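Just so you know, ligand 1 is whichever comes first in the structure, and atom 1 is the first atom listed for that ligand. Quick caveat: nothing in here was measured; it's all calculated off a predicted structure.
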Amino acid sequence: MGYTVAEKILKAHLVDGEFKKGSEIGIKIDQTLTQDATGTMAYLEFEAIGINRVKTEKSVAYIDHNTLQSGFENADDHRFIGSVAKKRGVCFSRPGNGICHQVHLERFGIPGKTLIGSDSHTPTGGGLGMIAIGAGGLDVAVAMGGGAYYITYPKIVKVELIGKLSPWVSAKDVILEVLRRLSVKGGVGKIIEYCGEGVKTLSVPERATITNMGAELGATTSIFPSDERTLEFLKTQKREDCYVELKADDDAVYDEELTINLGELEPLVACPHSPDNVKTVKELEGMKIDQVCIGSCTNSSFVDMLKVAYILKGKTVHPDVSLAIAPGSKQVLNLMAQNGALSDVIDAGARILESACGPCIGMGQSPNSAGVSLRTFNRNFLGRSGTKDASVYLLSPETAAISALTGVLTDPRTLGDMPSFALPNEISINDNMVALPSDEEHSDDVEILRGPNIKPYPETAPLSESLTAPVSLKVGDNITTDHIMPAGAKILPLRSNIPEISKYCFTVCDEKFPERAKELGKSIIIGGTNYGQGSSREHAALAPLYLGVKAVIVKSFARIHRANLINAGILPLTFVNESDYDSINEGDELEIKDLRAAVENGDEILVVVNKTKGTKFEVKSELTGRTKEIMLAGGLLDFTREALKK
Ligand code: MIC
Ligand code: SF4
């Protein structure tokens, strides 16, 4: 039996477990990346594990999320990360160098390698033929220390691309079509692997747009083969020596199949407040808009910017619209400056932002009250833009740019003929904004610089014998990590201070939650399906940990968040009968007797007594060998420390 591209890479990196669908496997990690909003914690955790230097082939620390620096906090985090990186053997991509995923694709990604990053859009690297997975900071810390990364051997979904995109229809429309078909939970436990003759019509940055937003499917990752288009991209980056060809065997076996005829696609748009709420642009054409934002790790490549500049050239942004553009990296911004595209967009009235995440994570550019914002980003969760009653629509740079001129949602195909846009063969490469780490023998001389906002990892405790605690919160389906631990300009600077940031935990759903949970001392959260979808931020587990949450009982979990809960020592449980969800109310006192013994025995089913209602229901714990040990130890940090001692 042959293998798919993903399986070949996983197999070559297998260090633990049986290479069999559904079983837990440990893979060796070649590269890691962190960004500043999750990075401070990840490096504090790396320090707490107690290893001096990273053991990966390449680890890079990016500064791209918290770049507003409206107080000392962000700048302190940057300085801390820069100093740790230097001491511990990590390359440091300085603020200004660009968004982690765009820069990593350009300068560090290598086909056939494994990468984990403390950011859910790490699968961007799948555009280059990598197994690139988003993970919690603690998992990344362990991988930096040379530890394996554990996943459940996923199902592989084959997405066969046939034909070629029509003019003004783009890679963003491909992934929006996949989201329309599979939904935000359709990818959980799966790797999405692209193949077919349509693949070669897509350049690496286009492929990366598709794998990037595969995160919104809940997928473990997404991947393209590595072929002549990959070589072409690496040559432009003067990195052709990294090239290896990777393709699936003819007799590879897939678990599910999907075919997309690129030629039949039309411009699409994801409507509020979910990336899978997809409609055609035609259906909504003419909708009045207030704001357009172009950029983010999904759509900020040079070719995206060339298209935008072509559309804007010689025109003026509509008087009722604010247009903001954030090129994805210093390389992209510089190329725009060199070829005149920058001048075209400035001249049209675009507001040029620094090469960073910016508005995508609510760091500035919040829309006006009840504003309609068109964004080339990947997430439009309620409130994420910083304006609670705003309506955010996700779409391609082409649709965004033309709409910025007309003031209403507009189909870019009205532009007529499309010239061909391509990355030049020869570009100037300058990695001067990547600081290299110190030599190992000089690392003792490097001082780690900590600011007053940087607080240690919250306290953990081994799993208790039994658990009796009230329900502090009951929420519905598709709760995102933006609900659990919101971001934005006010809250993001607190990422290295769990006591402070926990004051905002779940406030999108219930303003009183942090206070209530703290008062209760220990508590349990009840949720619906796909709980914890979205970002990789472990703060969505660390803040509840700090607030005393001991268990979360839901209908189903999103992959990264479930792993983060286990890493934090919070018990993730799912209902055996989903209807039991209805019988529980906030305030009910729940009890799980002999919890520790049951987890030790590997009992699959636990019985929960609702002491308030006088009823009982069953939940699944699904903790396997390793995750079971982590839970018993009180989380991954304690587990790893103990393992190292042994
Ligand atoms: C996001 O897009 O939500 C983020 C901000 O990049 C997060 C990481 C974070 O919360 O720091 C992600 O996607 O993992
Ligand atoms: Fe940054 Fe937005 Fe990408 Fe997250 S999704 S890494 S916030 S650009």
Side-chain angles (χ1 to χ4, degrees), residues 33-42 61-68 74 77 81 93 95 98-105 116-125 132-137 139-140 175 208-209 211-216 218 221 275 293-301 304 324-329 332 353-365 375-381 383-386 392 394 480-489 491-496 501 504 532-543 558-561 563-564:
L33 71 78
T34 56
Q35 39 91 338
D36 48 311
T38 53
T40 313
M41 232 353 117
Y62 293 90
I63 305 293
D64 55 357
H65 278 61
N66 296 344
T67 55
L68 273 188
N74 293 162
D77 280 348
I81 294 173
S93 174
I99 306 175
C100 54
H101 308 303
Q102 177 68 26
V103 177
H104 208 84
L105 193 75
I116 67 166
S118 59
D119 193 281
S120 64
H121 291 101
T122 304
T124 312
I133 305 179
D139 283 315
V140 176
I175 186 60
T209 294
T211 58
N212 170 285
M213 210 175 165
E216 275 52 67
T221 190
C293 296
I294 298 177
S296 90
C297 56
T298 318
N299 274 121
S300 60
S301 69
D304 281 337
I325 301 182
S329 66
V332 171
L353 308 179
E354 77 175 304
S355 294
C357 300
C360 179
I361 186 60
M363 297 300 270
Q365 303 291 325
R375 300 179 162 209
T376 66
F377 307 168
N378 47 36
R379 291 187 172 145
N380 57 349
F381 303 145
R384 182 171 161 104
S385 67
V392 174
L394 308 173
T480 72
T481 49
D482 279 273
H483 290 100
I484 307 173
M485 200 55 264
I491 308 175
L492 216 47
L494 305 173
R495 281 289 180 93
S496 17
I501 203 170
Y504 299 91
Q533 67 160 327
S535 125
S536 69
R537 62 189 73 148
E538 60 191 341
H539 302 76
L542 296 181
R559 180 187 66 89
I560 309 179
H561 185 61
N564 283 341

Heteroatom N/O/S of C297 within less than 2.8 Å of atom 3 (Fe) of ligand 2: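 Checking C297: at least one N, O or S atom is under 2.8 Å.
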For [X] and [Y], does a side-chain donor sit closer than 3.5 Å to a side-chain acceptor?
| X | Y | result |
| --- | --- | --- |
| S120 | S536 | no |
| R379 | T298 | no |
| D119 | H101 | yes |
| Q35 | H121 | no |
| T38 | E538 | no |

Atoms in ligand 2 flagged as close to [X], the criterion being non-hydrogen separation under 4.0 Å:
| X | answer |
| --- | --- |
| S296 | 8 (S) |
| D119 | 6 (S) |
| H101 | 6 (S) |
| N378 | 5 (S) |

Here the gap from R537 atom CZ to T481 atom OG1, rounded to the nearest 0.5 Å, amounts to 4.5 Å
CD1 of I99 to SG of C360: how many Å apart, nearest 0.5 Å? 7.5 Å
Return yes when H539 approaches ligand 1 closer than 4.0 angstrom through a heavy atom, no otherwise.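 Heavy atoms of H539 never come under 4.0 Å of ligand 1.
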M485 touching ligand 1 at heavy-atom level, < 4.0 angstrom: no
Below 4.0 angstrom, N of the basic side chain to O of the carboxylate: do R495 and D36 qualify? no
For [atom], which protein heavy atom lies nearest, and how many Å away is it?
| atom | value |
| --- | --- |
| atom 2 (O) of ligand 1 | R384 NH2, 2.8 Å |
| atom 11 (O) of ligand 1 | R495 NH1, 2.7 Å |
| atom 10 (O) of ligand 1 | R537 NE, 2.6 Å |
| atom 2 (Fe) of ligand 2 | C360 SG, 2.3 Å |
| atom 13 (O) of ligand 1 | S120 OG, 2.5 Å |
| atom 6 (O) of ligand 1 | D119 OD2, 2.6 Å |
| atom 1 (Fe) of ligand 2 | C357 SG, 2.3 Å |
| atom 4 (Fe) of ligand 2 | H65 NE2, 3.8 Å |
| atom 8 (C) of ligand 1 | Q35 NE2, 3.1 Å |

May I ask you to check if ligand 1 and [X] share an N or O to N or O distance below 3.5 Å?
| X | result |
| --- | --- |
| T38 | no |
| S118 | no |
| D482 | no |
| S535 | yes |

Please check this pair: side chain of [X] against backbone of [Y], looking for a donor-acceptor N/O pair closer than 3.5 Å.
| X | Y | value |
| --- | --- | --- |
| R375 | P359 | yes |
| T480 | G534 | no |
| T124 | N212 | no |
| D64 | C100 | yes |
| N380 | V392 | yes |
| S301 | D304 | yes |

Residue part near ligand 1, for I361, under 4.0 Å between non-hydrogen atoms: side chain
Side chain or backbone of [X] under 4.0 Å from ligand 2, or both, or neither, by non-hydrogen atoms?
| X | result |
| --- | --- |
| Q35 | neither |
| T298 | neither |
| D64 | neither |

Show the atoms of ligand 1 that are less than 4.0 angstrom away from any heavy atom in [X].
| X | value |
| --- | --- |
| A37 | 11 (O) |
| S536 | 12 (C), 14 (O) |
| H65 | 4 (C), 5 (C), 6 (O) |

Determine, stepwise, if the pair N299 / T376 fulfils side chain to side chain donor-acceptor pair (under 3.5 Å). CA-CA 6 Å; N299 274 121; T376 66; 4.7 Å; no
Measure across V140 and G117 and return the closest heavy-atom pair with its distance rounded to 0.1 Å. CG2-C, 3.7 Å
